[in-house]
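Everything on this sheet refers to the single structure shown next.
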Amino acid sequence: MKKIYTRPKTMKEAHFHYCPGCGHGIINRLLMEVVEEMGLRDKAICVAPAGCGMLLYNYFDIDTLESAHGRGAAVATGIKRVRPENLVFSYQGDGDLAAIGTAEGFHAANRGEQITVIFVNNGVYGMTGGQMAPTTLTNQVTTTTPNGRDPILAGHPVRICEVFSMLDGTTYLERVAVNKPAAVVKAKKAIKKAFQYQLDGKGFSLVEILSPCPTNWKMGPLESCRWIDDVMTKQFPLGVVKDIP
Amino acid sequence: MMTRTIFSGFGGQGVLSMGFTLANAAMLEGKYVTYLPSYGVEVRGGTANCTVVVSDEEIASPVASEPEFVVAMNQPSFNRFQNILSSGGLICVNASLVNTDSVRMDIELLSIPTSELAEKLGTIKVGNMIILGAFIKASGIISFDAMIKNLAELLGEGKSKLIKLNKEALEMGFDYVKE
Amino acid sequence: MKKLMSGNAALGEAAILSGCMCYFGYPITPQNELTEYMAKRMNELGRVFIQSESEIAAINMVLGASATGARAMTSSSSPGMSLKQEGISYLAADELPAVVVDMVRGGPGMGNISPAQSDYLQATRGGGHGDYKTIVLAPGSVQELTEIVPLAFDLADQYRNPVIILGDGMLGQMMEPVDFDNIKPPKEYPKDYVLTGAEGRPSRMIRSLLFDTKEEEEHNWKLVRKYHRMQQNEIRYETFLIDDAEMVVVAYGIGARIARGAIKRLRQDNIKVGMVRPITAWPFPAPILQELAKTVHEFFVFEMSAGQLIEDVRLALAGQGHIHFYGRPGGVVPTPVELYRIIGRHYYMASGRKQP
Ligand SMILES: Cc1ncc(C[n+]2csc(CCOP(=O)(O)OP(=O)(O)O)c2C)c(N)n1
Ligand code: SF4
Ligand SMILES: [Mg+2]
């Protein structure tokens, strides 16, 4: 019988720890598919975050390095400056990149570090139990915004791609989602493109991925996917934000 | 023997380079030496100073709370550092800028009319070297020859014009001080 | 041929000669000259220099570079060291080598920029979170820096552990004659853990996250065994006139230098004082103090802090002898003469003899 779907060889044989319907698993798999298809297993080095993605080294069969919460872009910078020939990417959540690690991400982008940031925007702190993230939508209820996020008290949702697009060091920034098959295909293309830009030495690239967190959104998986389209993309429109070929 | 000297003045008067030049020459003479510049907020407000310790033995501290020598290039430095000079110490001043009426009675004063002397050389820029020449004569910390040898090394062999000018300035100061 | 160089610059050159391939730093007085020196020299040599956006970023860049096997260094002064603690804890947990320089200044808080020794406990107790230790080297002169720096890189590689160079504002700022003749080309260390891309081998991971408490505990015990090896093999100190000493001063770094000047004067007065100068603040040279305690009763701790080194001396002596203390926190640097008077006073008090 012909096999039409299998685990990429760049993934270890292991079960994901992610909740049912979580976007992290899809994104993990997409990354490893791209690494395999581009023949980059021997070259890739991934920097893992603190956040739900932190165990990705249990799944990725490539060299991986843990980073402290938020420091992924700085750690990736250290690696890439020593080993410019490698593909270096950090995997970071919205708390990781847009709150505690803003400085590191922003300045790596501004220096035009030849790295790629995979930015998983699920609008909450998943790992720690669903607190407000910088990307939490206005009026969205989280465990630390029990009455909904009030911009006067808690600020506004941060659009990282748009902010980073102002930095001259950035070359390719795209926002995608993984809430339906067509979107997943686009997300994969974006990752591929970002990696290619890095290999071509074009500068800093970042792919922001809107990713469902059914557990902390208190929604079912399907509902979560719909919510991305119906609500989240209004604040975080999909598409290329910056592309300097 | 150990001598501690504080060089002080406005930034731009070549205070740090005076100290460094002396320290380097003393090193070439095989002495133990430390050089400690003022740094950070101390340098704000336009004043600068540095401490040079020259010794035949290991130096315990590069700080001089009671130096044997002070070189003061401007009035605030004179006022400040004459007070910490040890009794019997020597203060060497830039007489063109400093009024020394208030000088302590238990210390020795050496006034150098820096600007007048420098004019003879056609440039005020080497005023610090004139004072340094005078200071070396009066203090006897190192020999004049060591100072001159050191110049070539500090300024770079190629800079013969500059070396010549600095040497003339040092000589002028040195000769100004009577035995 | 000796050159007159500041401690900061000499440290930079020594690091370069020791094979430091990456330097990351954020400006802070009194160590800016080191960052500036590295900016110039690393670029000349085609090595990596980044002025980072913060000390946090710098230490994490070090972590990334170290994971690839490159010798990497960062430097700061006290407030910046507080920020680096996170990364140092991760380096220790990941068992990654690194050299971290602290040119200590007066604190706590913003404090000032004068020389101080008040980061002693932070440096010798791990400083960050978790059960870990770093080797702490405390040089006392610019020339000694040139011996300490290559040693720091070697120890970091040998034990795969961060090493702290604990200096102070004075050591960084002052110039002394220095040569680098003793620095040999860096040794090769096994690098079977580094991340280079998994070409031709199984993929590797470097991480400290160990959810399984048993596994984490085992990792901790493994680290502890390593720290024991350091304690057995890496204690370094210098003694000064201890053979006939009736009182032994314990001081390190610039403090020890000032103490040395004081002791020389005391000896001229026929007062039998000697000194133990820890070169490794951690592992602390407890054995020599224990040995001395068999014959000496009076110990005198001098440090430019309100009392940190004294804790190690107390632990080492474990109740034996009597410990005198003179501390000057806040960036105050006492003179050898001042210290001479104070030690002398304590000496006469302890001996019951009358001070002449
Ligand atoms: C210094 C520090 N502070 C806090 C934490 C706890 N922590 C772990 S993950 C996380 C937030 C994760 O949120 P995000 O980055 O959005 O990732 P997600 O889990 O949502 O994918 C926090 C606060 C930590 N590990 N380190
Ligand atoms: S908490 Fe949210 S982000 Fe984390 S694994 Fe579960 S669904 Fe995914
Ligand atoms: Mg999140």
Side-chain angles (χ1 to χ4, degrees), chain B residues 1-2 4-7 16-44 48-68 84 86-87 142 146-147 149-156, chain C residues 1-9 27-33 77 103 105-106 110-115 140-144 168-179 240 251 253-265 275 304 331-340:
Chain B
M1 241 266 285
M2 180 167 83
R4 293 160 298 181
T5 311
I6 292 180
F7 293 88
L16 298 186
S17 86
M18 252 195 272
F20 184 80
T21 310
L22 172 68
N24 208 63
M27 175 184 74
L28 294 179
E29 268 203 340
K31 308 254 197 215
Y32 287 91
V33 41
T34 63
Y35 165 95
L36 183 68
S38 54
Y39 61 90
V41 277
E42 254 196 286
V43 199
R44 307 288 176 271
N49 70 76
C50 64
T51 306
V52 176
V53 184
V54 177
S55 174
D56 298 321
E57 281 180 59
E58 268 179 336
I59 297 164
S61 172
V63 181
S65 49
E66 282 178 53
E68 286 79 23
I84 64 165
S86 59
S87 191
I142 54 159
M147 199 67 199
K149 254 202 288 175
N150 162 49
L151 271 188
E153 200 157 304
L154 281 184
L155 298 171
Chain C
M1 178 57 192
K2 293 223 183 233
K3 250 180 98 173
L4 201 56
M5 275 178 110
S6 74
N8 282 329
I28 184 168
T29 310
Q31 60 82 58
N32 293 320
E33 296 76 9
S77 180
M103 290 298 183
R105 60 189 239 183
M110 193 75 92
N112 55 35
I113 54 172
S114 297
S141 72
V142 178
Q143 183 62 50
E144 192 178 22
D168 62 74
M170 176 127 26
L171 185 68
Q173 292 293 327
M174 75 189 224
M175 288 192 174
E176 287 190 289
V178 65
D179 68 55
F240 180 57
I254 288 292
R257 231 177 127 125
I258 296 165
R260 207 180 165 96
I263 290 168
K264 280 188 190 162
R265 278 173 195 258
M275 177 164 65
M304 279 143 57
V332 175
V333 184
T335 63
V337 177
E338 206 179 325
L339 193 58
Y340 151 80

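Throughout, a chain's letter reflects where its sequence line sits, starting with A, and its residues are numbered from 1. All values below come from the heavy atoms of this structure, side chains included, with hydrogens, waters and symmetry mates left out.
The two residues Arg105(C) and Asn112(C) come nearest to each other via the heavy atoms NE-O, 2.8 Å. Considering all non-hydrogen atoms of both residues, Pro37(B) and Gln173(C) come closest at CD-O, 3.4 Å. Smallest separation of non-hydrogen atoms from Phe240(C) and Arg260(C): CE2-CG, 3.6 Å.
Residues forming a salt bridge (charged side-chain N to carboxylate O under 4.0 Å, His left out) with Lys149(B) (at least two apart in sequence, or on another chain): none. Not counting sequence neighbours, the partners of Glu68(B) by the salt bridge (charged side-chain N to carboxylate O under 4.0 Å, His left out) test are Arg4(B).
Proximity to chain C involves both the backbone and the side chain of Phe20(B), based on heavy atoms less than 4.5 angstrom apart. Residue contact with chain C, scored on non-hydrogen atoms closer than 4.5 Å, involves the backbone and the side chain of Ile59(B) alike. With a threshold of 4.5 angstrom between heavy atoms, Lys3(C) approaches chain B through N, CA, C or O but not through any side-chain atom. Contacts between Glu57(B) and chain C at a heavy-atom distance below 4.5 Å involve the side chain alone, from C-beta outward.
In terms of heavy-atom pairs under 4.5 angstrom with chain C, the leader among Pro62(B), Cys50(B), Ala64(B) is Pro62(B). For chain B, the option among Gly169(C), Gly140(C), Pro177(C), Ala259(C) with the highest count of heavy-atom pairs below 4.5 Å is Pro177(C). Between chain B and the residues Met174(C), Met1(C), Met175(C), the most heavy-atom pairs under 4.5 angstrom are made by Met175(C).
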Derivation and outcome, salt bridge (charged side-chain N to carboxylate O under 4.0 Å, His left out), residues Lys31(B) and Asp56(B): CA-CA 6 Å; Lys31(B) 308 254 197 215; Asp56(B) 298 321; 3.5 Å; yes
